[in-house]
Amino acid sequence: MSQIYASEIMAKDDAGYLPVFSRYSIVLDHGEGAYVYDVNGRRYLDALGGIAVNVLGHNDPALVDAVAAQAGHLIHVSNLYYTAAQAEAADQLSRLTNGGKVFFGNSGAEANEGAIKAARKYGHTISADKVQIVTARGSFHGRTLAALTATGQEKFHKGFEPLPQGFDYVDFNDIHALERVVGESTAAVMLEPIQGEGGVRMPAEGYLRRVRELCDAYDALLVFDEIQTGIGRTGTFYAYEQYGVTPDIVTLAKGLAGGVPIGAFVVTEKVAQVFHPGDHGSTFGGNPLACAAANVVLDTVTRESFLAHVREVGGYFKQELAALKEKYPKYVSDVRGAGLMLGMEMHSAAAAAEIVRATLAHGVIVNCTAGSVLRFVPPLIFTNENVDEVIRVLDACILDICDTGGL
Ligand SMILES: *Cc1c(COP(=O)(O)O)cnc(C)c1O
């Protein structure tokens, strides 16, 4: 494959595809484990994992076999009929979520739409006014209209008004702000336990527990958006397990089927009871192809040895990032995160953007979010050796761009 071939693909895509992504100039072709390869055969270490999606890495044999086998049986049937793949996925996910009831959609935004609908429907059984959804500033919940409105960042709202009604925003980690807003009219408080797109923001000590108590006091539902933090990402299947807090509704997507599009929301029995045939639905949601993939992921990531691996490699990664902070106190302002969801905040957004470009040129894919936060959400099969490669390249790029380059 020649360079000319890559530029032809990019030109074709630019001509045909809606320009909503500012893309980097590489054309990816295939992958193996923690690495992806472009059409010229150049190898890149993937510390982004398709944004927390490719939890088993690329070309995982069990995942590929399951998808291929299922495709040869049935790719899709209507939800008017049962399939073994969906039954298995729903059963597994229900067991992992305190016996809750599962609904499958196709994306994170769709999972959150479902959660918002569930909260509203539950609220309406108590009072016609119990409809408000409270979310956090800096949150990210997706791009469909209600999920977009739930997203507490104005830059995502601009130009799409009028937005759906009934959303209130509070600062993340400010329990007093939440106390002022939550009341009888609150249907739900919806939070990411750790904010992802918002810059890998950790919950303050005791915050999520206080949120749970506040929800209980007003019979408001607690919704955790674990689309990014779930599926073992933080070292436990759900991040909320580490905070001793259980939600009424949890949403999943990203890593759930290892890269095959899927989303899910899981509700407790009391919420499930407000749903009846016809109240919600999806044509593609829970199709056997996506569910067969999800079953492989769930079988794998729930093994204690797998989660222990995430904690160990994540701990090592965080320690090595902290060492970079020690080495470059002028340029690295913070390191935070849990498991393999890590953020390194740089002193400037310009430097962070330049570092992302430079690491890519050195064959390492990292990402920058919330302006100045380098984000690492690699495949969960990442090893300490993979971490060493990321750190070595980051070190060289920080030296080059910040120290020598003056950015
Ligand atoms: C990615 C993400 C979403 C949106 O998921 P899509 O599949 O892109 O719709 C929602 N919430 C969180 C926390 C996310 O990280």
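Whatever order the structure lists them in is the order used to number ligands and atoms, beginning at 1. One is the number of the first residue; the rest follow in order along the sequence. Basis for what follows: all heavy atoms, side chains included, without hydrogens, waters or symmetry-related copies. Keep in mind it's a predicted model, so treat the numbers as computed, not measured.
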> Taking all atoms of both residues into account, what is the closest heavy-atom pair of Phe265 and Ala118, and its distance?
Replying inline: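 Smallest heavy-atom distance, with atoms named: CE1-CB, 4.4 Å.
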Can you pull every nitrogen or oxygen pair between ligand 1 and the protein closer than 3.5 angstrom?
from: ligand 1; atom 1: 7 (O); to: Gly108; atom 2: N; distance (Å): 2.8
from: ligand 1; atom 1: 9 (O); to: Gly108; atom 2: N; distance (Å): 3.4
from: ligand 1; atom 1: 9 (O); to: Ala109; atom 2: N; distance (Å): 2.7
from: ligand 1; atom 1: 11 (N); to: Phe140; atom 2: O; distance (Å): 3.2
from: ligand 1; atom 1: 11 (N); to: Asp225; atom 2: OD1; distance (Å): 3.4
from: ligand 1; atom 1: 11 (N); to: Asp225; atom 2: OD2; distance (Å): 2.7
from: ligand 1; atom 1: 15 (O); to: Gln228; atom 2: NE2; distance (Å): 2.7
from: ligand 1; atom 1: 15 (O); to: Lys254; atom 2: NZ; distance (Å): 2.6

>> Taking ring-ring contact (aromatic ring centres under 6.0 Å, His included) as the cut-off, I'd like each qualifying pair that reaches into residues 355-399, sequence neighbours left out, listed once.
In response: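 Of all non-adjacent pairs touching residues 355-399, those that pass ring-ring contact (aromatic ring centres under 6.0 Å, His included) are Phe317-Phe376.
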>> If we count only N and O atoms by modelled type, under 3.5 Å, do the side chains of Tyr238 and Thr97 hold a donor and an acceptor together?
In response: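 Yes, because at least one side-chain N or O of Tyr238 sits under 3.5 Å from a partner of the opposite role on Thr97.
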> Counting only N and O atoms by type, is there a donor-acceptor contact under 3.5 Å from the side chain of Glu113 to the main-chain atoms of Ala146?
Replying inline: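 Judged by distance alone, yes, a pair lies under 3.5 Å.
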>> Closer than 3.5 angstrom, by distance alone: can the side chain of Arg120 be matched with the main-chain N or O of Val131 as a donor-acceptor pair?
In response: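 A pair under 3.5 Å: yes.
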>> Does the plane of the ring in Tyr331 sit parallel, tilted or perpendicular to the ring in Tyr328? Use 30° and 60° as the thresholds.
In response: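 If you compare the ring of Tyr331 with that of Tyr328, the planes turn out tilted.
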